[in-house]
Amino acid sequence: MARAKTFFITDAHLGSGADSHMREKELVNWLRAIEPEAARIVMLGDIFDFWFTYKYAVPRGFVRVLGALAEMADKGVELHFFIGNHDMWMFDYLEKEIGVTMHREPETMIIDGKKFLLGHGDGMGNQDRSYLLLKRVFRGPLNQWLFAGVHPNIGFPIAYRWSRNSRKRHEVKYNGYLGDEKEAIYQYCKAQQEQAIAKGEKPYDYFLFGHRHTPVSRPVGNATYINVGNWIENRDFAEFDGERCQLREFKG
């Protein structure tokens with residue numbers, strides 16, 4: 001079977017909740033299932049509920065999914081990781097140990113002649129200025145250096161508590177799809193498409209993001225916005241066969 005498809009996944013939040021190990025095993029089962037057809041896998045952020053790349057230590061857990069990704073990379077599957085707001089401190093570990101291409105901002109990719117804009121989706125549209133300020137603080141080299149000096153037995157419980165509370169606030173604030181006019185990611189995609197057309201550039205065919213935990217496929221002019229959903233309540237992913245990109249759900 002030829003490796004001809006691109007798969008997208010987001011918001012697994014591994015490490016959160018009592019069912020984290022079960023979700024990880026199901027994620028590995030999904031990776032095994034798609035491996036024969038996968039030319040590339042694009043992870044759109046928050047795959048881990050929290051991650052910090054220490055110099056000499058690897059965060060506990062996730063061994064199954066990291067091993068599965070390493071095996072796929074060794075077989076020639078192209079792997080991409082767009083950092084999210086929960087795993088923004090993932091620096092070069094996956095890149096050096098597995099061969100994953102890391103992305104820290106939304107980027108354009110041409111896949112089989114189709115133009116994609118890909119990213120996690122946090123902080124889009126400048127609508128949440130308090131979050132954008134917090135994001136700038138967390139990405140500051142000084143703050144990262146200070147956290148690196150905190151023992152993991154202290155730092156990780158604090159980080160997981162913050163992550164859990166952040167996710168709960170997100171769920172209350174954004175319960176389901178709010179409609180095109182109120183969705184910051186959708187409006188961001190619409191603006192990017194308008195800019196591309198105004199510049200005489202090739203229009204986008206697809207916009208794929210995560211963050212919202214709500215699987216949705218909506219037209220943006222002649223393009224399509226897809227929010228890939230999540231791997232917590234659902235087992236959502238997206239599949240691009242070279243012609244069409246569609247939402248799917250893994251049934252195991």
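Computed from a prediction, not measured in an experiment: that's the story for all the values here.
- Note: W231 and W30 have tilted aromatic rings, judged against thresholds of 30 and 60 degrees for the angle between ring planes.
- The closest donor-acceptor contact from the side chain of R235 to the backbone of K251 lies at 3.5 Å or more, if one exists at all.
- For the pair E37 and K5, the salt-bridge criterion is met [side-chain N within less than 4.0 Å of a carboxylate O].
- Aromatic pair F62/F48: centroids less than 6.0 angstrom apart.
- Salt bridge annotation for R218-E183: absent, with no cationic side-chain nitrogen under 4.0 angstrom from a carboxylate oxygen.
- Side chains of E105 and H103: a donor-acceptor N/O pair is absent below 3.5 angstrom, by distance only.
- Judged purely by atom type and a 3.5 angstrom limit, E24 uses its side chain to pair as donor or acceptor with the backbone of R64.
- Within the 6.0 Å centre-distance limit, the rings of Y206 and F116 are counted as a close aromatic pair.
- Here the side chains of C245 and F8 are in contact, with some heavy-atom distance below 4.5 Å.
- The main-chain N or O of N234 is never found under 3.5 Å from a side-chain atom of E249 such that the two would form a donor-acceptor pair.
- In terms of modelled atom types and a separation under 3.5 Å, the side chain of S16 and the main chain of D49 share no donor-acceptor contact.
- Transitive grouping of hydrophobic side chains (ILVMFWY, heavy atoms separated by less than 4.5 Å) keeps L208 and F237 in distinct clusters.
- Checking side-chain atoms of D241 against main-chain N and O of R244 turns up a donor-acceptor pair under 3.5 Å.
- Under a 3.5 Å cut-off, the side chain of T214 and the backbone N or O of R212 do form a donor-acceptor pair.
- Ion pairing between E71 and R32 holds under the 4.0 Å rule for side-chain N and carboxylate O.
- Although no hydrogens or angles enter the test, the distance criterion places a donor-acceptor pair under 3.5 Å between the side chain of D236 and the main chain of N230.
- Side chain of D46 to main chain of N85: a donor-acceptor pair is present (N/O by atom type, distance under 3.5 Å, no hydrogens or angles).
- In this structure, a donor-acceptor pair under 3.5 Å is present between the side chains of H213 and D11.
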